[in-house]
Amino acid sequence: MEDTNAATLKPGRLLQQFPSHVDSTDISLTARTLCEILTRSSPTAIETALSSTGISPSTDLVCEVLKYCYHYPSSAVKFFRWAGQQETKHSTPAWNLMVDLLGKNQLFDPMWDAVRSMKQEGVLSITTFVSIFGSYCNVGRFEEAVMSFNVMDRYGIEKDVIAVNSLLSAICNEDNQTAKAVEFFEQVKAKIPVDGDTFAILLEGWEKEGNVAEATRTFGEMVISVGWSPQNMSAYDTFLNTLVSGSQVDEAIKFLQLMKKNNCFPGLRFFSTALVILIKQNNPRNAMALWDTMVGNGLVPNLTMYNTMIGLLCDNDDLDNAIRLLDQMPFNGVFADSLTYNMIFKCLIKSKKVREVSNFFREMIKNEWHPTHSNCAMAISMLFQGYDPEAAIEIWNYATENNITPLDASANALLLGLCNLGRFSDLRRYGDEVLDRRLSIYESTMEDLKKTSYKEGRAARDKFESLSRRWKAR
């Protein structure tokens with residue numbers, strides 16, 4: 001191999017993929033010493049400096065040094081040549097690292113020199129060509145990547161399905177290049193038998209690009225070419241996710257039924273992923289349709305999935321379905337937690353369901369789940385507005401007895417609610433309780449209490465003034 005200098009790379013890409021010895025804490029002291037020489041010595045002095053260390057480079061040491069020399073290809077070549085003079089023969093991993101290092105630096109002529117040397121040494125393998133495919137595709141040189149595949153047999157490496165899949169994966173790994181992968185696939189599929197992994201790679205490419213039409217076409221060809229098999233479940237999941245992401249949930253459900261007929265129904269992993277997609281789309285209707293398909297086919301959601309679904313329904317004020325799922329949970333051996341109850345409780349409060357709020361609150365505490373402090377405050381305020389002060393006071397008493405802190409917002413909601421209903425004796429009594437507990441009565445609350453009590457006459461005003469004096473002296 002000839003000496004070479006680093007080529008122009010995609011900005012930051014090499015640095016991110018391949019850390020130098022400076023960035024690593026795992027590098028051995030001996031490898032760090034050699035890397036320091038490679039990065040600090042002048043090109044003409046490197047081999048002399050290496051020899052002066054007295055280090056005898058083992059196979060493992062050569063590989064370790066090369067892994068941290070991707071930024072310094074010229075120095076790496078000198079080190080590789082020097083190490084080869086100390087050993088009888090370089091190992092296959094060392095040769096593959098050298099090929100990869102040169103390729104990732106876009107030094108393709110020296111890379112092929114190394115490949116020819118490997119052929120002479122009898123250490124070439126499919127791994128070498130996988131690296132070559134990736135190096136060309138990384139810089140958008142897809143034609144050269146395909147040409148590399150075409151010449152594999154000249155180097156004694158079989159052009160089999162593993163090689164096909166490796167090149168397809170390298171192409172699809174680049175953004176918006178799945179069409180190029182399909183071009184290559186069309187060229188080789190009649191010559192080399194493909195497998196489920198081949199289609200899985202293409203489907204992942206279409207999923208990344210969000211191309212529902214091409215994903216559907218590829219999936220259809222997959223079924224014709226390799227048939228149905230549970231071993232291809234990852235490919236099926238990918239295709240279904242593409243449909244869901246593309247808002248084609250009805251189509252996804254049709255394919256789900258087809259898959260079930262062919263004993264290839266996906267598991268919870270797909271449904272969990274699909275629900276996340278639909279939540280990001282804020283699409284409760286399709287999420288509910290997918291959920292019913294999942295449960296109807298005997299899959300049991302876990303607590304996280306239940307909470308995710310109930311949260312989406314509550315965010316869209318679909319209380320009927322949210323409560324339906326809550327009621328279904330015990331039948332599936334899943335038990336609601338604090339999050340489950342509080343999401344539904346909050347939705348009931350926001351919807352001003354007065355009777356339902358008080359009933360649901362009692363169900364919560366019966367099952368030993370506390371409402372959050374914010375839900376307590378909102379519920380107290382809403383219940384007073386809905387003319388159910390006893391339920392509001394019940395929640396206040398529960399919050400204080402169970403120390404659901406902070407209590408300040410609930411306390412202010414209680415005092416405002418009592419005042420607005422003209423219950424000034426209770427206002428004075430609960431006001432003292434609030435101050436005894438060293439809770440904060442907001443200035444805005446005191447202003448509202450003052451306005452209302454002054455309108456109600458002397459008795460109300462006197463009770464407010466008594467509370468006000470104590471509030472000011474706190």
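- Residue Arg40 places its CZ atom among 12 or fewer non-hydrogen atoms of other residues, nucleotides or ligands, all under 6.0 Å distant.
- Considering all non-hydrogen atoms of both residues, Ala274 and Val244 come closest at O-CG1, 3.9 Å.
- Electrostatic pairing of Arg141 and Glu144 counts as a salt bridge here, judged by a charged N lying under 4.0 Å from a carboxylate O.
- Of all heavy-atom pairs between Leu439 and Ala411, the closest is CD1-CB, 4.1 Å.
- Heavy atoms only, all atoms of each residue included: Lys208 and Glu174 are closest at NZ-O, 3.9 Å.
- Ring orientation note: the planes of Phe271 and Phe265 are tilted relative to one another, at an angle of 30° to 60°.
- Remark: of the listed residues Asn96, Thr92, Asp100, Asn96 is the sole one forming a side chain to side chain donor-acceptor pair (under 3.5 Å) with Thr128.
- The existence of a salt bridge linking Glu47 and Arg81 is confirmed by a sub-4.0 Å separation between a basic side-chain nitrogen and an acidic carboxylate oxygen.
- A salt bridge links Arg324 to Asp292: at least one charged side-chain nitrogen sits closer than 4.0 Å to a carboxylate oxygen.
- Side-chain atoms of Asn165 and Asp197 include no donor-acceptor pair closer than 3.5 Å.
- Atoms CE and CG, from Met378 and Leu348 in turn, are 11.0 Å apart once rounded to the nearest 0.5 Å.
- If you check the side chains of Ser28 and Glu64, you find a donor sitting under 3.5 Å from an acceptor.
- Shortest non-hydrogen contact noted between Trp112 and Ser148 is CZ2-OG, 3.4 Å.
- Between Pro110 and Leu107, some side-chain heavy-atom pair lies under the 4.5 Å cut-off.
- Taking the six-membered ring where the residue is Trp, the centroids of Phe18 and His71 are separated by 6.0 Å or more.
- Environment of CD1 in Ile162: sparse, with no more than 12 heavy atoms of neighbouring residues, nucleotides or ligands closer than 6.0 Å.
- Between Cys314 and Ile310, the closest side-chain pair of non-hydrogen atoms falls below 4.5 Å.
- Using a 4.5 Å heavy-atom cutoff, the side chains of Ile46 and Tyr72 are not in contact.
- Contact of the Met364 side chain with the Asn342 side chain is registered, since non-hydrogen atoms from C-beta on lie closer than 4.5 Å.
- Here Trp228 and Tyr236 bring their ring centres to under 6.0 angstrom of each other.
- For Phe149 and Phe184, the ring centers are positioned less than 6.0 Å apart.
- Considering only heavy atoms from C-beta on, Cys69 comes within 4.5 Å of Leu101 through its side chain.
- Between Tyr306 and Trp291, the ring planes are perpendicular. Angles over 60° get that label, and only those under 30° would be called parallel.
- Just one of Met259, Gln248, Glu207, Glu251 meets the side chain to side chain contact (heavy atoms under 4.5 Å, CB included) condition when paired with Leu240; it is Met259.
- When every heavy atom of Ala94 is checked against every heavy atom of Phe80, the shortest pair comes out as O-CE1, 3.8 Å.
- By the 4.5 Å heavy-atom criterion applied to side chains, Lys260 and Asn297 are counted as neighbours.
- Side-chain atoms of Thr238 and Asn241 include no donor-acceptor pair closer than 3.5 Å.
- For His21 and Glu36, the side-chain atoms include at least one donor-acceptor pair closer than 3.5 Å.
- Side-chain N/O atoms of Asn138 and Asn173 include no donor and acceptor closer than 3.5 Å.
- When every heavy atom of Pro371 is checked against every heavy atom of Phe361, the shortest pair comes out as CG-CE1, 4.0 Å.
- The side-chain heavy atoms of Tyr70 and Ser20, taken from C-beta on, include no pair separated by under 4.5 Å.
- Taking the ring centroids of Phe199 and Phe219, they lie at or beyond the 6.0 Å cut-off.
- At a cut-off of 3.5 Å, with distance as the only test, no side-chain donor of Trp206 or Thr242 sits close to an acceptor on the other residue.
- One N or O on the side chain of Asn302 and one on the backbone of Met305 form a donor-acceptor pair closer than 3.5 Å.
- A salt bridge links Glu221 with Arg217: the closest approach of a Lys/Arg side-chain nitrogen to an acidic carboxylate oxygen falls below 4.0 angstrom.
- Checked by atom type, the side-chain pair His370/Tyr341 shows no donor-acceptor distance below 3.5 Å.
- Aromatic rings of Phe108 and Tyr136 (six-membered ring for Trp) have centroids within the 6.0 Å cut-off, being under it.
- Side-chain atoms of Asp315 and Asn282 form no donor-acceptor pair, as typed in the model, at a separation below 3.5 Å.
- Leu303 is not listed as a side-chain neighbour of Leu339, based on a closest heavy-atom distance of 4.5 Å or more.
- Side-chain contact annotation: Asn307 with Asp337, donor-acceptor N/O pair under 3.5 Å present.
- Within a 6.0 Å sphere centred on CD of Glu186, other residues, nucleotides and ligands contribute more than 12 heavy atoms.
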